[in-house]
Amino acid sequence: MTPDYKPNEIMTITAARALKNEDVVFVGIGMPSAAANLARLTHAPGITLIYESGTLATRPSVLPLSIGDGELCETALTTVSVPEMFRYWLQGGRVSVGFLGGAQIDKFANLNTTVVGPYDKPKVRLPGGGGAPEIATSCGEIFIIMAQSKRGFVGKLDFVTSLGHGEGGRHREKLGVKTRGPTRLVTDLCVFEPDPETREMTVVSIHPGITREQIQDNTGWTVRYAAKVAETAPPTASELAALRELHARTARAHGAAA
Amino acid sequence: MTPDYKPNEIMTITAARALKNEDVVFVGIGMPSAAANLARLTHAPGITLIYESGTLATRPSVLPLSIGDGELCETALTTVSVPEMFRYWLQGGRVSVGFLGGAQIDKFANLNTTVVGPYDKPKVRLPGGGGAPEIATSCGEIFIIMAQSKRGFVGKLDFVTSLGHGEGGRHREKLGVKTRGPTRLVTDLCVFEPDPETREMTVVSIHPGITREQIQDNTGWTVRYAAKVAETAPPTASELAALRELHARTARAHGAAA
Amino acid sequence: MARVLPLAEAVEAIVRDGDSVAMEGFTHLIPHAAGHEIIRQSRKHLTLIRMTPDILYDQLIGMGCADRLVFSWGGNPGVGSLYRLRDAVENGWPHRLEVEEHSHAAMANAYEAGAAGLPFAVLRGYIGTDLPKVNPRIKSVTCPYTGEVLATVPAHRPDVAVIHALKADREGNVLLEGILGVQKEAVLAAERALVTVEEVVDDFGPRSLNACILPAWTVSAVAVVPGGAFPSYAQGYYKRFNAFYKEWDGIARERDTFLAWMKENVLTKTPDAFAARVRALQAAE
Amino acid sequence: MARVLPLAEAVEAIVRDGDSVAMEGFTHLIPHAAGHEIIRQSRKHLTLIRMTPDILYDQLIGMGCADRLVFSWGGNPGVGSLYRLRDAVENGWPHRLEVEEHSHAAMANAYEAGAAGLPFAVLRGYIGTDLPKVNPRIKSVTCPYTGEVLATVPAHRPDVAVIHALKADREGNVLLEGILGVQKEAVLAAERALVTVEEVVDDFGPRSLNACILPAWTVSAVAVVPGGAFPSYAQGYYKRFNAFYKEWDGIARERDTFLAWMKENVLTKTPDAFAARVRALQAAE
């Protein structure tokens with residue numbers, strides 16, 4: 001019997017499953033951090049997690065609230081400076097998987113975390129790119145986690161903060177980029193992978209109980225489906241337990257004043 | 001009464017005197033190291049010594065044989081990597097005085113430590129530039145220590161390893177160099193400083209008992225003298241004692257197997 | 001050579017109206033006490049440089065200290081928006097704020113190049129993004145060996161760097177440990193540097209041979225401000241006060257709650273308040 | 001991921017004829033044992049890269065392993081010449097040696113750029129020197145902001161980096177401390193990396209939060225060779241054997257004394273000899 005789970009949970013667990021024990025992962029705060037640490041606590045105990053604050057091979061027992069919590073540093077193999085992190089480790093090609101999210105995504109998995117509306121007179125000023133512009137091109141491949149909605153999954157980005165598959169096809173290659181870009185987009189409804197030819201993000205698996213209508217209703221472009229679409233394997237009891245324990249430990253740690 | 005001293009001793013002591021307590025000195029092995037440490041042990045206890053092996057503010061009790069002896073690291077404020085040393089500290093303009101020597105010098109204090117004879121078919125293959133090419137242009141000013149001889153003080157260098165005053169006059173400025181270059185050349189016979197206009201190295205003080213004939217006999221160009229030439233103050237008893245103790249400590253340390 | 005001064009005197013001596021100022025600290029060691037002193041002394045027309053403008057820069061911007069912001073990620077880490085930054089950019093309150101926007105990699109490289117005395121930094125960056133379209137300072141060079149076109153950014157050479165560190169010794173040497181961020185580079189890239197520290201010690205004592213130490217002759221002034229990074233943290237001294245980051249979301253959302261908070265907690269306070277805040281936090285644990 | 005192998009197997013697996021090989025160590029931690037194993041395995045046509053070719057490279061060159069040398073200072077530190085290097089350059093013995101000559105700053109920057117994944121390094125260097133006239137790989141770029149012309153060198157991207165470090169843990173992570181030189185950069189710039197260490201420990205134990213550690217996944221193989229840096233030194237393990245540097249001057253001056261020494265001390269020995277040399281040195285103290 002499948003245990004009950006929330007949309008966020010299947011999203012995090014499905015993303016975690018895609019990570020391998022040998023991966024070196026550049027982790028962002030929020031769901032990427034939850035997914036990467038869940039992978040470490042379940043099927044990939046040897047996975048290497050890197051946060052842009054400079055912590056190499058960190059093993060936090062609780063999820064950090066910020067990218068540079070003391071917990072990350074204290075449980076790391078070592079901590080390097082931020083220039084070194086971006087030069088030797090990210091640009092140096094030492095990271096196999098980068099995790100990204102964003103406020104807006106298009107069908108080629110380009111991301112916007114900069115502005116809604118025009119740049120000079122924004123309706124909403126978002127935080128900006130941070131590490132994303134170079135994570136998107138320097139990591140071996142990119143996993144994206146984003147809850148699906150018409151506001152977030154848009155026909156045209158207001159601003160391209162980080163490159164996905166650009167305008168599709170061999171666009172990355174034409175720009176001289178040697179890495180694979182977004183190979184997987186996990187949402188609360190389904191999983192997308194790029195079409196081998198067009199590179200359009202294409203649904204390859206649908207979470208249990210979700211319909212194609214729900215997916216289309218939460219997407220600002222006409223969704224394409226792979227020839228064979230699987231049902232996403234539901235979270236197992238042990239995956240759910242590990243994730244919930246992680247979140248509970250985290251809540252206790254952050255709830256206490258510090 | 002003036003104590004007895006050797007030519008090397010007045011050379012080292014005269015060079016040491018030119019260093020100030022506030023100086024940050026990029027020190028090379030050999031006489032520069034002896035002079036810089038003598039300054040630290042006498043009139044400039046607060047002087048900052050840097051060796052290119054990465055040791056910042058080091059206070060060795062004996063002179064290192066190599067540029068990276070453990071003694072330098074153990075007595076340093078801290079030790080940085082060699083790329084950082086050349087990037088942040090030398091090129092970053094954090095060094096006030098650089099100390100150089102060489103196999104050959106010309107009248108504009110350009111130095112050769114690369115080859116005697118043609119580069120492709122050298123008569124003598126010298127060690128090469130090491131840190132000198134960038135020390136010569138990055139440090140606030142340059143002190144040079146070299147025993148004088150016709151073989152070393154030449155009319156024309158076989159190879160320019162590091163820039164002094166180039167072809168003289170405003171040559172450094174024309175090359176875009178903002179630092180002062182060689183401001184002092186101390187030999188076993190006398191002290192040279194650059195002429196303010198021509199930048200030719202010009203004798204400003206002669207060591208006690210040395211004649212102008214001796215100086216000319218050991219120089220491969222026609223030596224020029226400043227309008228007023230002083231007699232170099234002889235080493236004091238306490239300077240000599242400090243230098244000799246330093247050398248004795250060093251001999252004991254290096255004589256013992258390690 | 002570093003002088004040890006009271007914080008107010010140090011800011012008075014080192015930070016001037018119109019300066020470009022880099023207050024750095026990557027989550028760890030953010031110089032809140034120094035920033036509050038700059039606000040109390042009403043510095044104006046600053047160019048504020050920082051990879052991650054967070055609560056401290058929200059406060060400086062909301063109080064009208066800044067004309068210009070150079071940054072790469074402007075949010076409340078793990079929480080959400082910086083409402084004062086957004087109000088300045090979206091609505092020009094309290095006045096217009098010019099922004100120069102980069103990526104983290106470019107900002108880190110720009111500090112690194114500044115520390116290295118270079119006029120610009122080279123990175124394999126910004127490929128396929130819109131940032132070069134809105135930031136004319138992003139340019140390129142061609143590799144003389146491979147023909148590859150790489151992005152460039154001008155080196156950061158701030159007038160002033162402001163950081164918080166763990167400790168200084170009597171000579172004014174400064175020690176950092178833990179998450180180092182870009183602080184060392186910011187100090188070495190800057191014309192002048194102000195460092196607040198948790199404490200001054202006679203001697204750093206046993207330490208790594210490769211400890212991250214800024215020698216006294218790279219620092220203009222050291223001010224002792226225990227707790228000076230609060231609500232950020234100081235490794236080995238106190239933890240990050242995560243709850244306050246969440247609280248800030250409510251405080252900063254509206255102009256009046258923001259101004260009331262600033263009056264009560266900054267304008268009418270002194271640097272001593274920081275030590276008391278840390279003590280209160282630690283007592284509550 | 002680092003495998004822990006006997007040194008002979010590690011060299012067999014990692015160093016190939018014709019490779020470009022950077023054996024680094026700046027006075028401290030020079031990988032003599034690994035270099036001797038390369039000599040015993042008769043590697044040929046190597047491009048040897050090293051800032052300061054010293055005794056070890058004198059030996060490799062004298063034994064005919066190298067076709068090409070990329071370097072910035074080739075001497076016996078504090079003593080004088082490297083006679084085998086000079087014999088190769090001046091007289092072509094045992095065969096012609098091509099040299100690519102740089103300054104230290106350029107070599108250090110070239111490793112740094114290699115580690116950073118860049119194709120070239122930029123430095124304010126070589127101004128007014130003759131080196132660019134004899135090394136066509138020294139070129140220039142113009143700063144897009146200031147118009148300043150700066151020197152460039154191609155990044156070092158050796159096939160193999162060989163270093164000696166203090167210790168490794170069971171996972172194959174590698175710790176260095178003290179004079180760090182360019183070893184970390186050499187490893188990160190290289191395609192493959194071989195690290196000899198003084199010992200393997202279960203856990204590095206208490207250490208600086210910013211310790212210089214090369215993670216296991218940046219290293220191809222680790223070989224445990226106590227004393228493997230001798231006559232160079234390993235901070236905290238043994239001192240530099242300065243007397244041998246002086247002795248080398250006499251050994252290397254003539255071809256026959258050199259060859260006899262190599263036969264006796266390298267060709268007919270194993271890596272175990274290094275631990276014994278250190279023990280003998282320490283007993284003599």
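Letters A, B, ... are given to chains in the order of the sequence lines, protein chains preceding strands, and every chain is numbered from 1. Only this structure's heavy atoms are used, side chains among them; waters, hydrogens and symmetry mates stay out.
- The candidate with the highest count of non-hydrogen atom pairs below 4.5 Å against chain B, out of D:Gln235, D:His28, D:Gln282, is D:Gln235.
- Ranked by heavy-atom pairs shorter than 4.5 Å toward chain D, the options B:Ala132, B:Ala136, B:Cys73 are led by B:Cys73.
- Using a 4.5 Å heavy-atom threshold, the side chains of D:Leu131 and B:Phe159 count as touching.
- Smallest separation of non-hydrogen atoms from B:Lys121 and D:Glu90: NZ-O, 3.4 Å.
- No side-chain heavy atom of D:Pro77 sits less than 4.5 Å from a side-chain heavy atom of B:Ile29.
- Of the atoms belonging to B:Glu84, not a single heavy atom falls under 4.5 Å from chain D.
- Of the atoms belonging to D:Tyr233, it is side-chain heavy atoms, and not backbone ones, that fall under 4.5 Å from chain B.
- One finds a salt bridge joining B:Arg125 and D:Glu101 here, because a Lys/Arg side-chain nitrogen approaches an Asp/Glu carboxylate oxygen to under 4.0 Å.
- Sparse packing is recorded around CZ of B:Arg170, with 12 or fewer heavy atoms of other residues, nucleotides or ligands lying under 6.0 Å away.
- Both the backbone and the side chain of D:Leu123 come within contact range of chain B, judged by heavy atoms closer than 4.5 Å.
- A pairwise comparison of heavy atoms in D:Val182 and B:Pro83 identifies CG1-CD, 3.5 Å as the closest pair.
- Here the closest heavy-atom approach between residue D:Ile179 and residue B:Asp69 is recorded as CD1-O, 4.0 Å.
- In this structure, the side chains of D:Thr129 and B:Pro133 come closer than 4.5 Å at one or more pairs of heavy atoms.
- If you measure heavy-atom distances from D:Met107 to chain B, you find no contacts under 4.5 Å at all.
- Note on B:Gly166, B:Ser33, B:Ala76, B:Gly131: by heavy-atom pairs under 4.5 Å with chain D, the leading option is B:Gly131.
- With chain B as partner, the option from D:Leu180, D:Ile127, D:Val149 having the largest number of non-hydrogen pairs under 4.5 angstrom is D:Ile127.
- Of the two parts of D:Tyr238, neither the backbone nor the side chain holds a non-hydrogen atom closer than 4.5 Å to a non-hydrogen atom of chain B.
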| message | Under the criterion side chain to side chain contact (heavy atoms under 4.5 Å, CB included), I'd like the reasoning laid out for B:Thr137 against D:Arg124: C-alpha separation, chi angles, the key distance, then a yes or no. | response | CA-CA 9 Å; B:Thr137 53; D:Arg124 186 176 293 109; 5.9 Å; no

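- Looking only at distances, no side-chain donor or acceptor of B:Tyr119 sits under 3.5 Å from a matching main-chain atom of D:Val134.
- Contacts of B:Glu134 with chain D are made by side-chain atoms alone, with heavy-atom separations under 4.5 Å and no backbone atom involved.
- Top candidate by heavy-atom pairs under 4.5 Å with chain B, chosen from D:Gly125, D:Ala108, D:Ala105, is D:Ala105.
- Heavy-atom distances place both the backbone and the side chain of B:Val124 under 4.5 Å from chain D.
- Each of D:Glu112, D:Glu185, D:Lys184 was scored for a side-chain contact (heavy atoms from CB on, under 4.5 Å) with B:Ser81, with one residue passing: D:Glu185.
- Most heavy-atom pairs under 4.5 Å with chain B: of the set D:Gly75, D:Ser72, D:Gly181, this distinction falls to D:Gly181.
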